[in-house]
Number of protein chains: 2
Amino acid sequence: MSNFSTISQASRFTDVSNLSDNAWRQHGSLWSNLRQVCELLSIPAPVTVDDEDTLFQHVRFKAGQRIHRIGQAFDTLYIVNSGFLKTVHIDEYGNEQVLSFPMKGDLLGIDGIHKQHYASEAIALSDCDIILLPYKAFTSLGRTHVELEQAMFSVMSREIVREQMMISMLSALSAEAKVARFLTNLGERFNQMGYSGRSFNLRMTRQEIGSYLGLTLETVSRTLSALNELGMISVEQREINLLDPVALKTLRRLPPAKARIKVAEKVSALVNKNLLPQWNGELAAAMN
Amino acid sequence: MSNFSTISQASRFTDVSNLSDNAWRQHGSLWSNLRQVCELLSIPAPVTVDDEDTLFQHVRFKAGQRIHRIGQAFDTLYIVNSGFLKTVHIDEYGNEQVLSFPMKGDLLGIDGIHKQHYASEAIALSDCDIILLPYKAFTSLGRTHVELEQAMFSVMSREIVREQMMISMLSALSAEAKVARFLTNLGERFNQMGYSGRSFNLRMTRQEIGSYLGLTLETVSRTLSALNELGMISVEQREINLLDPVALKTLRRLPPAKARIKVAEKVSALVNKNLLPQWNGELAAAMN
DNA sequence: CGTTTGATTGATATCGCTCAACTTTCGTGG
DNA sequence: CCACGAAAGTTGAGCGATATCAATCAAACG
């Protein structure tokens, strides 16, 4: 912060005066250098770069604010430094389709490169701290730092792979499997961020989860209740505990409702006997 | 072809001796220059480039052959010059999930950049002519030709947008709408390639369409029959005619089976009276 | 507080899957 | 060229997973 006033104005990318109205609301005066940006994206930082050479501005968004809108002219990429968001697509009838739940380290706005207009909308689910990467400036940096360009390709490729996995999941899995995977994926991401991957709380509504997974909110709610009954997780509102991550990860589909009752009884029997710290996989095996 | 022998070996990317066994089978001796490659991808060609400076080799694949495999070390991108393919993902239980149906002008292998191993598998559905773009050489070209690097980002962004649309479609649409959109999308792509977008034949099985759309092959077959009954398309095996593209594009869901019979009767009445060259949209309106 | 938004749960409808029989097409070798 | 088998496609019957509609409950919030 002390070095803030020592930086020449010309060296800072993104003049705040270019920002859309929403972005104005609340912006701290934080700046990050290229090294910090690379670390956030978990890509190798160019060794050749002077830390104070190029700085990227942070902007704060409050829950509910939009980072960018569909159709808005594209000129900057965004990195999430803290907070939680959703990206959505609005179809021709105005229905909202959730595409992703970005969080720390994720890159936003890539879909705007192609047509030079954002193809999706990013909305803060909590207060967020976002780093602005003016696209032009960033790619010209890539030309002087080869590793950076490679990293950019790599990040975009990763996004493509992620979406491929999403497509597979949507078209092949049952509702239970979708919800179970959603939870374990979230857990893994929290882990990577240094938080607990077993115990966390959801930042999104059942409605948003359902949209993301191609299910109705009722089905999401029922499925969470069922996984709770089975002892694989515990849920209370948005508070989640993954009790049997192994079973969750390998779950394909729940046994039919009648059989499920038996399993649930077996579970509660175990609970009553105070056996049940971590009986991982037992259920998973019981239900192919 | 005549200029083939005049090109110094050093200027040609991709020594054939590096290719996997499958790629060996049948390769013509065609080469394309950068200008041709850019045209195929419909991106602006760098003005600064010498046409004979850099050449990219073509390789021919027979129907059924694999262009690349999952897990195989990544080192080259592929452009489809002619022919039809599918890309698939194999899940942990060996089930095949179709991800896309690449054709002329499409870029393959992008998903390999991230982990330096292909994340999907590309298989020829017909005899294909594929251009090899050795990744390293191609990106280093991008460094000397700025427009090329931009174009690469643009193509990857386009792919991300395409997958986003796919996700929306998979999680929001009914079976009928999926199939209807699949057909109109195919038609539009054939149009762009200069073929008829109304009359074409499918290069893939019902099974593959179903996998792509998250449906069973039976549902695909039944839906095609239903659209045929309604006069929106005509189908016979893999021969498709789009009779009412407008209705197809806006179709959300078919009316319930009983109501459908009435509509079908109405249609056949029209047919019998020999009214029905192009009654576009009438049905679309009849079924919200 | 009262109001609003989100979550849970139940009853019922229905879309798409599964299983199965049959037909058609196509490739291959006698 | 035909015969055969394999693969692809069609169609039907029945069922089950998920959506829809609706009522209630809990939490958030001014």
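Lettering follows sequence order; numbering is per chain, from 1.
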Electrostatic pair Lys249(B):Asp244(B) at N-O distance under 4.0 angstrom: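 Between Asp244(B) and Lys249(B) there is no salt bridge, as every charged N stays at least 4.0 Å from the carboxylate O atoms.
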Need one value for [X]: base, sugar-phosphate or nothing, where a base atom within 4.0 Å counts as base even if backbone is also close, heavy atoms only.
X	result
Gly214(A)	sugar-phosphate
Leu217(A)	base
Thr205(A)	sugar-phosphate

Atom CD of Glu236(A) with >12 non-hydrogen neighbours under 6.0 angstrom: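 At most 12 heavy atoms, drawn from other residues, nucleotides or ligands, come within 6.0 Å of this atom.
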Protein-nucleotide distance ([X], atom [atom1]; [N], atom [atom2]), rounded to Å:
X	N	atom1	atom2	answer
Ile209(B)	dA8(D)	CD1	P	13 Å
Leu215(B)	dG9(D)	CG	C1'	16 Å
Leu202(A)	dG6(C)	CG	P	14 Å
Leu173(B)	dG16(C)	CG	P	10 Å
Leu227(A)	dA7(C)	CG	C1'	16 Å
Ile240(A)	dA7(C)	CD1	P	11 Å
Glu218(A)	dT12(C)	CD	C1'	13 Å
Leu224(B)	dG16(C)	CG	P	14 Å

Nucleotide of dA7(C), dG16(C), dT18(C) approaching Thr216(B) most closely (side-chain heavy atoms):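 The answer is dT18(C), which lies nearest to the side chain.
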Residue Ser225(B), side-chain heavy atoms: nucleotide from dT18(D), dT11(D), dT20(D) that is nearest: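 Nucleotide nearest to Ser225(B)'s side chain: dT11(D).
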Spacing of Asp127(A) atom CG and Arg60(A) atom CZ [to the nearest 0.5 Å]: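 Separation between the atoms: 8.5 Å.
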Nearest-0.5 Å distance, CE of residue Met165(A) to CG of residue Asp91(B):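 Atom-to-atom, Met165(A):CE and Asp91(B):CG are 9.0 Å apart.
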Test of ring centre spacing under 6.0 Å for Phe101(A) and Tyr212(A):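 Yes - the distance between ring centres of Phe101(A) and Tyr212(A) falls below the 6.0 Å cut-off.
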Check if the side chain of [X] and the base of [N] share a donor-acceptor pair of N or O atoms closer than 3.5 Å.
X	N	value
Glu176(B)	dC15(C)	no
Gln237(B)	dC26(C)	no
Arg222(B)	dG12(D)	yes
Arg206(B)	dT24(C)	no

Residue mapping more 5' on DNA chain D - nearest nucleotide basis, Arg238(B) or Thr219(A):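 Final value for this comparison: Arg238(B).
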